[in-house]
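Contents: one structure, followed by commentary.
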Amino acid sequence: MRKISLAVAPLLAALTVLSCSKNEEYDASGNFEATDVTLSAETAGKILMFDVEEGDTVRAGELLALVDTVQLQLQKEQLLYQQSASNASRPDIALQLAASKRELEKQISERRRVENLLADGAATTKQLDDINSAIKVLEDRISAQQSSLANNTASINESASSLAMQIRQIERRIADCRIESPLTGTVLTKYCEAGEYTAPGKPLVRIADLDRMYLRAYLTSAQLADVKLGQKVKVIADFGGDRQYEYPGTVTWISPESEFTPKNIQTRDSRSNLVYAVKISVRNDGRLKIGGFGEVIL
């Protein structure tokens with residue numbers, strides 16, 4: 001795992017220390033923030049692997065931690081054995097009906113012979129009636145066997161479907177034991193270590209995309225009339241003293257509702273009590289930090 005290394009993207013204008021920015025009046029101010037996620041455990045167990053450290057860069061889909069899956073694997077194997085046994089007990093309908101069907105064919109052949117003899121006066125009507133009765137009994141027996149075997153097969157199929165569903169649930173739980181990063185970013189906080197026991201919902205790690213930062217600034221309603229989504233603005237990161245850096249920014253979000261001006265925020269019109277929050281996207285060159293102060297020039 002490598003330490004964070006943010007590439008300096010070629011911006012539209014080179015980033016320079018603004019020696020005269022103190023004299024340039026800003027339109028709004030706010031703090032920098034980033035898109036971050038807190039990954040939590042989805043299953044209980046011992047953490048077998050957790051090979052990340054705070055400050056590491058991780059990629060989307062990268063395996064960060066692994067929770068013990070032994071008990072889940074054993075449950076899956078047990079279900080697989082039950083599924084195999086269930087499939088083995090499924091009756092072979094054609095095979096089990098074969099003897100009765102051969103007997104029926106024999107009786108039908110015998111009936112044709114008796115009918116021919118009866119036509120020649122060499123057999124009696126009673127002989128024909130007895131054969132017809134035997135054929136009816138065989139047909140009823142085959143029908144009953146078919147119904148019984150079909151019901152038995154349906155029950156086994158339902159049991160097999162239930163077992164297959166349980167196996168998929170176990171496989172899902174096993175997959176949940178693999179904690180993967182949903183985004184490419186930087187590890188901000190690591191809450192656990194390998195060897196510790198975790199439980200569903202317990203936070204494991206917090207990751208943020210520090211390449212793309214957002215300045216959350218606040219505009220008055222009068223200023224908002226001249227601002228729209230996608231608008232290009234100038235963002236100035238203030239590091240104190242004369243250390244200020246200029247970045248090109250893009251307005252990506254405007255709050256649909258007003259709010260009272262936050263206590264730590266200054267607006268161009270100090271008399272305005274209600275302001276609208278906006279988010280301005282800025283490409284980070286490595287200097288910008290979450291919570292840092294910034295100003296906006298429209």
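We're numbering straight along the sequence, starting at 1.
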### Message
If you define the side chain from C-beta out and look only at heavy atoms, does anything of C192 sit under 4.5 Å from K202?
### Response
yes

### Message
Is any side-chain heavy atom of E77 closer than 4.5 Å to one of L79?
### Response
no

### Message
Working to the nearest 0.5 angstrom, can you tell me the gap between L219 CG and Y276 OH?
### Response
11.0 Å

### Task
Check the hydrophobic clustering (I, L, V, M, F, W, Y; side-chain heavy atoms under 4.5 Å; chains of links allowed) and say if L118 and I131 are grouped together.
yes

### Query
Just checking, K289 and F32: is the charged tip under 6.0 Å from the six-membered ring centre and within 45° of the axis?
no

### Message
Could you walk me through whether Y247 and L215 satisfy the side chain to side chain contact (heavy atoms under 4.5 Å, CB included) test, starting with their C-alpha distance in whole Å, then the side-chain angles of each, then the deciding distance to 0.1 Å, before giving a yes or no?
### Response
CA-CA 11 Å; Y247 298 82; L215 178 67; over 6 Å; no

### Query
Given side chains that start at C-beta, do those of I254 and L229 come closer than 4.5 Å, heavy atoms only?
yes

### Task
Find out whether M213 and E33 are in side-chain contact, i.e. whether some heavy atom of one side chain is under 4.5 Å from a heavy atom of the other.
no

### Task
Compare every heavy atom of V227 with every heavy atom of Q231, then report the nearest pair and how far apart it is.
OE1-CA, 3.2 Å

### Query
Distance-only, no hydrogens or angles: does the E54 side chain make a donor-acceptor pair with backbone N or O of K190 under 3.5 Å?
yes

### Query
Can any side-chain N or O of S86 pair as donor or acceptor with the backbone N or O of Q82 at less than 3.5 Å?
no

### Task
Please determine if R113 and E110 form a salt bridge, counting it only when a charged side-chain N lies under 4.0 Å from a carboxylate O.
yes

### Query
For I156 and S89, which heavy atoms make the closest approach, and how far apart are they?
CD1-O, 3.3 Å

### Task
State, yes or no, whether a side-chain contact exists between R168 and R172 at a heavy-atom distance under 4.5 Å.
no

### Task
Flag yes if more than 12 heavy atoms outside F239 fall under 6.0 Å of its CZ atom; otherwise flag no.
yes

### Message
Do L298 and Y214 sit in one hydrophobic cluster, given that two such residues count as connected whenever their side-chain heavy atoms are within less than 4.5 Å of each other, even indirectly?
### Response
no

### Task
Look up atom SG in C177 and atom CD in Q71, then write down how far apart they are to the nearest 0.5 Å.
11.0 Å

### Query
Nearest 0.5 Å, what's the OG1-CZ distance between T43 and R178?
14.5 Å

### Query
Do R216 and N31 meet the criterion of a side-chain donor-acceptor pair at a distance under 3.5 Å?
no

### Message
Looking at Q223 and D27, would you say the former's side chain and the latter's main chain have a donor-acceptor pair under 3.5 Å?
### Response
yes

### Task
Would you confirm whether E158, through its side chain, and S155, through its main-chain N or O, come within 3.5 Å as a donor-acceptor pair?
no

### Message
Cation-pi check for Y197 against K46: NZ or CZ below 6.0 Å from the six-membered ring centre and within 45 degrees of the axis, yes or no?
### Response
no

### Query
Just by distance, do the side chain of D285 and the backbone of R287 share a donor-acceptor pair under 3.5 Å?
yes

### Query
What pair of heavy atoms forms the shortest contact from A208 to L188, and how long is it?
CB-CD1, 3.4 Å

### Query
With distance as the sole test, does Q127 use its side chain to make a donor-acceptor pair with the main-chain N or O of T124 at under 3.5 Å?
yes

### Message
Count I, L, V, M, F, W, Y as connected when their side-chain heavy atoms are under 4.5 Å apart, and connections chain through other members. Are V114 and I108 then in the same cluster?
### Response
yes

### Task
Please answer whether the main-chain N or O of S147 pairs with a side-chain N or O of N151 as donor and acceptor at a distance below 3.5 Å.
yes

### Query
Just by modelled atom types, is the L80 backbone N or O under 3.5 Å from a matching donor or acceptor in the Q83 side chain?
no

### Query
Is any side-chain heavy atom of R173 less than 4.5 Å from a side-chain heavy atom of Q75?
yes

### Query
Do you know the tightest heavy-atom contact between K76 and I174?
CD-CD1, 4.4 Å

### Task
May I ask you to test the E139-Q107 pair for a side-chain heavy-atom distance under 4.5 Å?
no

### Message
For L204 and I47: C-alpha separation, side-chain torsions, deciding distance, then whether side chain to side chain contact (heavy atoms under 4.5 Å, CB included) applies.
### Response
CA-CA 10 Å; L204 299 179; I47 302 176; 4.1 Å; yes

### Query
Which is it for D209 and T184 under the side chain to side chain contact (heavy atoms under 4.5 Å, CB included) test, yes or no, and what are the steps along the way?
CA-CA 6 Å; D209 179 7; T184 296; over 6 Å; no

### Query
In the single-linkage hydrophobic clustering (I, L, V, M, F, W, Y; side-chain heavy atoms under 4.5 Å), do V67 and L64 co-cluster?
no

### Query
Which pair of non-hydrogen atoms, one from A41 and one from T198, has the smallest distance, and what is that distance?
CB-OG1, 3.2 Å

### Query
So, Q145 versus S100: side-chain donor-acceptor pair below 3.5 Å or not?
yes

### Query
Y245 versus I236: any side-chain heavy-atom pair under 4.5 Å?
no

### Message
Less than 3.5 Å apart, any donor N or O on the side chain of R90 or N157 sitting next to an acceptor on the other?
### Response
yes

### Query
Can you find a side-chain donor-acceptor pair between S281 and R212 that sits under 3.5 Å?
yes

### Message
Go through it in stages, so that I can follow the logic: the residues are T189 and V205, the test is side chain to side chain contact (heavy atoms under 4.5 Å, CB included), and I'd like the CA-CA distance, side-chain angles, deciding distance and then a yes or no.
### Response
CA-CA 6 Å; T189 310; V205 64; over 6 Å; no

### Between CD1 on residue I142 and CG on residue L104, distance to nearest 0.5 Å
4.5 Å

### Query
Side-chain heavy atoms under 4.5 angstrom apart, residues restricted to Ile, Leu, Val, Met, Phe, Trp, Tyr: same cluster for L48 and V52?
no

### Message
Please tell me whether T252 and K279 have a donor and an acceptor in their side chains that are separated by less than 3.5 angstrom.
### Response
no

## Note on the structure
In this structure, CG of D36 is separated from OG1 of T186 (nearest 0.5 Å) by 11.5 Å

### Query
Looking at P182 and L39, what are the two nearest heavy atoms and their distance?
CD-CD2, 3.6 Å

#### Entry: Nearest-0.5 Å distance that lies between atom CG in L138 and atom NZ in K106
11.0 Å

### Task
Keeping the roles fixed (side chain from N284, backbone from L210), state whether a donor-acceptor pair exists under 3.5 Å.
yes

